[in-house]
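Notes for the one structure printed next.
Counting starts at 1 for both ligands and their atoms, following the listed order. Every value quoted in this text rests on a predicted model; they were computed, and no experiment measured them.
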Amino acid sequence: MKKTWRWFGKKDRITFDMLRQIGVEGIVTALYDTPNGEVWETEAIREVKHTIENAGFHWAVVESLPVAETIKYGGKDRDTCIEHYKQSLANLGRAGIRTVCYNFMPVIDWIRTDLACPCPDGTTSLFFSKTRFAYFDCHILGRKDAARDYTPQEMARVEALAHTITPAEEEALVDTIIVKTQGFIHGNIRTGERHPVALFRRLLAPYEGMKAEDLRDNLRYFLREVIPVCETWGINLCIHPDDPPWPVLGLPRIVTGGEDIARILRCVDNPRNGLTFCAGSLSAGAGNDLPDLARRFAGRTHYVHLRSTELLPGGDFREASHLQGGGRLVEVARIFEEIHPGLPMRIDHGRLMFDDATRGYNPGYSFFGRMYALAQMDGVLAAIHSLESHQPLLKEKQ
Ligand code: DNO
């Protein structure tokens, strides 16, 4: 695998000099200042590419080229936005970019309720609490009939929380779910949004009554339009799984496990229509066996996120160490190196270690935490390669 790193542009406090020292080989980035739905212009792409290459790296992956909401809900102006998407792809192709990641999650990208949950060793990790999320849904957002989506036991925990939560904690919860986790990934919500709950309600409105089947139709419609452009330019477009992989806030989610992935790859059966194998997102799905998924989809995977989660009772999960948890990254890495070697991979979501917490990094994108995980996975990859090259020798000796 090629070791890549998500870089958030010139304002990122993690510099190219730091990345060079820790063995990063390629850069993952996006045009963070271009609003969703607009064209990524050639000049802007060139400038980012030039900055990366000047530092001695190459732009390995675009993450993400965002899909406008109207494409996802099938709005009146979706064709205009799809045309913009095609132009952006062509402009990226012309600049020599060959791997483009995107997702098809309505309104909200990844979801966490806590950004710094203490671990026994003194580090902290990201955390998803089902109760806190349900509280946000039922009490803060006040979504109609939201309580129906939770079991009586879950609602009992939500009501218990309603008695103890303070206004400051409530504000922090909104800030985490809507602003802090979404703001920096150039989604629908910008950092500093002053009325996040009202904005969120507006974003949810066009999806009312939407079924998984409708969202699947809209994804198929989109892929049929854009994959021919990818074909022309030799671009591998790769969908990111839903995080977490289940329906949320009454919104369907359609990239949750093996069956969903197979259906998407089949609907436009072209190698350019591929997968971002995010081991972290997939590992949060209780029915997902990660090595099995890796074996099944390695051929159509164009990009890998190395991350792992640990499922806890009651529907909670925490981000596990990269060598533990449901991600089963050692096995997953072996499978990819065997079936589809050389894929770009990046470490996703590190813990907060040492002074990471005071540096103002984006949630999940710590320096020491990710560097530590990169070193772990680098060792795993070295061991895999060494075993592979000594295989004949071992056989001879037997
Ligand atoms: C969060 C990320 C996601 C991911 C997008 C890809 O940390 O894993 O925001 O980049 O979903 O489209």
Taking only heavy atoms of [X], which atoms of ligand 1 are found under 4.0 Å from at least one of them?
{"X": "M105", "value": "11 (O)"}
{"X": "H349", "value": "1 (C), 7 (O)"}
{"X": "Y365", "value": "1 (C), 2 (C), 7 (O), 8 (O)"}
{"X": "I185", "value": "9 (O)"}
{"X": "R6", "value": "2 (C), 10 (O)"}
{"X": "N103", "value": "5 (C), 6 (C), 11 (O), 12 (O)"}

Margin query: Within the 4.5 Å heavy-atom criterion, are M155 and Y150 side-chain neighbours or not?
Written below: yes
Check: Could an N or O of ligand 1 be found under 3.5 Å from any N or O of H305, whether backbone or side chain?
Finding: no
Short question: side chain of [X], backbone of [Y] - any donor-acceptor pair under 3.5 Å?
{"X": "N103", "Y": "M105", "value": "yes"}
{"X": "S129", "Y": "T113", "value": "no"}
{"X": "R272", "Y": "P228", "value": "no"}

Item checked: Cation-pi check, R253 onto W246 ring (under 6.0 Å, within 45° of axis) -> no
Check: Do R112 and F127 meet the cation-pi criteria used here (NZ or CZ under 6.0 Å from the six-membered ring centre, within 45° of the axis)?
Finding: no
Side chain, backbone, both or neither: the part of [X] lying under 4.0 Å from ligand 1 by heavy atom:
{"X": "Q182", "answer": "neither"}
{"X": "D109", "answer": "side chain"}
{"X": "Y102", "answer": "backbone"}

Check: How close does the nearest protein non-hydrogen atom get to atom 6 (C) of ligand 1, and which residue and atom is it?
Finding: S64 OG, 3.0 Å
Notebook entry, point to check: What is the nearest protein non-hydrogen atom to atom 10 (O) of ligand 1, stated with its residue, atom name and distance?
Noted result: E63 OE2, 2.5 Å
Check: With a 4.0 Å cut-off, would you call K10 and E47 a salt bridge?
Finding: yes
Item checked: H385 atom NE2, over 12 foreign heavy atoms within 6.0 Å -> yes
